Structure formats: C-alpha cells, structure tokens
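Have a look at this one.
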Amino acid sequence: METVRHSEHTLKTALISENPRLVSQYEKLDAGERRLLNEAFKPDHDLFGPITLHSQSDWIISHPEAPQDFEQFFSDPYRKAPSPDKRSIYIQCIGSLGNTRIISEEYIKWLKGYCEAFFYGLTVKLLEPVPVSATRCSFRVNDNTQNLQIHAGHILKFLKKKKPEDAFCIVGITMIDLYPRDSWNFVFGQASLTDGVGIFSFARYGSDFYSSRYEGRVSKLQKGSSSDYAVFDNYYTPQVTSVLLLRSCKALVRWIEDESDSPGVSTKRSREGTVDLPKPVDAFKEWKEWIIKCLAVVQK
C-alpha cells in the first residue's frame, strides 16, 4: 500500500487563491466555515486524512493526471453553474433498480431525497423509468465478469435528446454494468460537462458482484442477439443492501436519520404483496460520525 500525503503549504496553495472573485467568496464564509476550511490544511487531522492507495490498479496510479487546484477548477471555461432558468436536476432510471417494482420505486425516492439534500437549493425531478431498449444502445457480455454491459456513450446521446429545457443536468442511473468503448473493461460512469448529461451504474456496488456466485453472469449472447434487448428482460438486479445504498449516497446526517420518505413506519400493500422497506442505513455509521465531527467544528 502507498499513502499520498501533502504538506500544509501544498494544501493551502491548492485551496486558497488570490483571484479577486474567489477572495470575495472566501470573505463571505462565516467563522464556522473558516474553521472547517482550516482543518483541511492539517495533513494529519482525522477529518481529512491522507489517501491510501491499495494496489497498482488504483485509479490515481493507473491513470496519472496533472494536479488541479481550486482556482483552476473555478476558472475552467467548461464548468457549468445553475442559473435562474436552469435549476433542475433530472434523474432518469434505466432498467430496474430493485428486484421488485416497489423496491425500485423506493430506492429512487431515497436517491432523490439525498440529491435534494446534497444539492441544496436545486430541484430534483424524476423522469419515468425506461427499459434498456428505449436507449437503442449497444451492449455486450464482459469477457472477464461474464455479465451484461451497456454502452455508456450511447446512453449519453439518448439522455441529451431527452434533456428538458429547465434542466441544469440530466443523470441516468442503472443497475447494469457500463463500458465506454470496446477496448475498456468497464466504467462506473461517464458524463459530458458541456452537454450537462451523465450516466452512472451501481452494478459494482453490490457486495457479490466480484464473486463467482454473482447471478448476473451469462454464458454468451445468442447468435443474432446483438440488437435483441429481450436479453435484459428479468435480468438480475442486485439486492438494495445498506452497503449498496452507502456507496450510492455516502452521507448526510439529516438524510440518514429522516424516515419520512421511508415506508418503514407503515406497511404497503400491492400486487407484489405486503412490503416493509425501512431505509437501510446501518452501514452509514462511520460516515455519520464523520459528518457530526465536521458539524462540531463548524458549530464550535
């Protein structure tokens, strides 16, 4: 394992700028926000620890990129910001997110609630879910994992056509694995900043994805099935566990503790039977504690 550490001077240089526009933003920070920012300059502080690289296949090692400080990010001409007429985030579900209709609906409600909390001030809207066939994307069976994958770039083109006029962005989410081009093994997600579209897969967030018993494995596509989307009918969807939800959302304390958008307080009846779906947040303990520590610094 390798640990990436930076000095206090390096961190300050990366985070603090003399750009007049940014200086005016810093001046608006209250005392608590300034304290939290100062914690980021302490390399050994438990709030913002060093990055641990576990293997040579970690992204930082295998895909080296030039460093970017905050001023470069702020001044990037391709960086988009919401405007009064474009303040909506649209979520487009592609395929099923849960192994029943009720679970899919609740999962996307949890994600919507999280986005509304994280991107405070923006409106989050849900589009009607669509099957993979609606996107007309290419697909394949991954040679290594033997699971179905859909082409991320083709999904982006589909989303661009569906993007509403008032959208700041439209994000596709799916439980089906993605690949960006034939030569790549997989990708978690892909986005176009200029077009305001993105696609992300939670398939590999399931705890059993890399196991030999993963139920999404298929032997091969039948001859002539490269355009037959029936292969996705009833395709395996991983269980929405607490760990999968954690990896999808990370943490916000109020969202973790709020059960108002969870049917765990009551029982639902549907054609699928009786369903009781409390929000699975037991895996959020460590993240919740970290957020509480941050709030303690801000509110000191």
Side-chain angles (χ1 to χ4, degrees), residues 2-54 58-84 86-89 114-124 156 167-171 187-200 246-255 286-300:
E2 179 183 348
T3 301
V4 179
R5 296 178 182 273
H6 297 291
S7 67
E8 181 174 344
H9 173 75
T10 299
L11 294 173
K12 283 188 174 181
T13 301
L15 292 173
I16 300 297
S17 168
E18 296 182 357
N19 182 318
R21 292 174 63 197
L22 278 174
V23 170
S24 67
Q25 295 290 326
Y26 298 147
E27 291 173 347
K28 296 176 183 177
L29 298 178
D30 61 31
E33 291 168 329
R34 290 175 184 271
R35 282 195 296 272
L36 189 61
L37 181 62
N38 287 335
E39 294 299 322
F41 304 147
K42 303 176 181 179
D44 297 321
H45 197 278
D46 61 351
L47 280 183
F48 304 100
I51 298 174
T52 301
L53 306 178
H54 296 276
D58 277 18
W59 185 271
I60 293 178
I61 296 177
S62 58
H63 296 81
E65 300 174 359
Q68 180 191 48
D69 58 31
F70 189 74
E71 181 173 350
Q72 290 173 319
F73 162 77
F74 184 81
S75 304
D76 189 333
Y78 297 106
R79 184 177 68 88
K80 300 293 184 181
S83 62
K86 294 186 182 297
R87 301 190 61 82
S88 296
I89 297 173
Y114 176 81
C115 289
E116 288 174 334
F118 191 93
F119 300 102
Y120 184 74
L122 298 185
T123 301
V124 179
L156 294 184
F168 170 61
C169 66
I170 177 172
V171 181
V187 68
F188 281 106
Q190 191 171 359
S192 169
L193 299 182
T194 53
D195 292 330
V197 297
I199 174 66
F200 199 88
L246 168 67
R247 291 169 175 171
S248 303
C249 293
K250 295 303 183 185
L252 294 175
V253 172
R254 185 176 296 176
W255 179 85
E286 182 180 349
W287 282 93
K288 179 179 176 180
E289 291 174 350
W290 182 81
I291 292 289
I292 290 174
K293 288 180 182 178
C294 290
L295 290 173
V297 172
V298 173
Q299 297 169 352
K300 186 183 299 181

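The structure presented is a predicted model; accordingly, all values stated were derived computationally and were not measured. For the numbers below, each heavy atom of this structure counts, side chains included, while hydrogens, waters and symmetry mates do not.
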Which value, rounded to the nearest 0.5 Å, describes the distance between Ser192 atom OG and Ile199 atom CD1?
13.5 Å
Any side-chain to backbone donor/acceptor pair from Arg34 onto Leu29? Under 3.5 Å, distance only.
yes
List the steps, then state whether side-chain contact (heavy atoms from CB on, under 4.5 Å) holds for Ile61 with Glu2.
CA-CA 10 Å; Ile61 296 177; Glu2 179 183 348; 4.1 Å; yes
Would Leu47 and Leu36 count as a side-chain contact (heavy atoms from CB on, under 4.5 Å) if you check the C-alpha gap in whole Å, the side-chain angles of each, and the deciding distance to 0.1 Å?
CA-CA 9 Å; Leu47 280 183; Leu36 189 61; 4.2 Å; yes
Is it the case that more than 12 heavy atoms not belonging to Arg79 sit under 6.0 Å from its CZ atom?
yes
How about Leu15 and Phe41: do any of their side-chain heavy atoms sit closer than 4.5 Å?
yes
When rounded to the nearest 0.5 angstrom, what distance separates SG in Cys294 from CZ in Phe48?
5.0 Å
Hey, does Phe118 have a side-chain heavy atom less than 4.5 Å from the side chain of Lys250?
no
Closest non-hydrogen atoms of Tyr26 and Ile16, given as atom of the first, atom of the second and distance, are OH-CA, 3.7 Å
Parallel under 30°, tilted from 30 to 60°, perpendicular over 60°: which one fits the rings of Phe188 and Phe200?
parallel
Find the distance between CZ (Phe74) and CD (Gln25) and round it off to the nearest 0.5 Å.
5.5 Å
For the residue pair Thr13 and Asp69, what are the closest heavy atoms and their distance?
O-CB, 4.4 Å
For a quick test of reading the model, state the closest non-hydrogen atom pair linking Arg87 to Pro82 and the distance between them.
NH1-CB, 3.9 Å
Heavy-atom count check: over 12 atoms from other residues, nucleotides or ligands less than 6.0 Å from Glu18 CD?
no
Would you call Asp46 and Lys293 a side-chain contact if the rule is heavy atoms closer than 4.5 Å?
yes
Measure the SG-CG distance between Cys169 and Leu193 for me, rounded to the nearest 0.5 Å.
10.5 Å
Search all heavy atoms of Glu33 against all heavy atoms of Asp30 and return the closest pair with its distance.
N-OD1, 2.8 Å
Indicate yes or no: at least one non-hydrogen side-chain atom of Cys249 is less than 4.5 angstrom from one of Trp255.
yes
Rounded to the nearest 0.5 Å, how far apart are CD1 of Ile51 and CZ of Arg5?
11.5 Å
Would you mind reporting whether Val4 and Pro50 have side-chain heavy atoms less than 4.5 Å apart?
no
Nearest 0.5 Å, what's the CG-CG distance between Leu11 and Leu37?
10.5 Å
Determine the minimum heavy-atom distance between Thr194 and Lys80, stating which atoms define it.
O-CE, 3.9 Å
Check the orientation of His63 and Trp59. Use parallel for under 30°, tilted for 30 to 60°, and perpendicular for over 60°.
parallel
Is a salt bridge present between Arg35 and Glu39, judged by a nitrogen-to-oxygen distance below 4.0 Å?
no
Checking side-chain contact (heavy atoms from CB on, under 4.5 Å) for the pair Lys288/Ile292: CA distance, chi angles, key distance, verdict?
CA-CA 6 Å; Lys288 179 179 176 180; Ile292 290 174; 4.1 Å; yes
Any side-chain heavy-atom pair from Asn38 and Val297 closer than 4.5 angstrom?
no
What are the two closest heavy atoms between Gln72 and Gln68, and how far apart are they?
OE1-CA, 3.1 Å
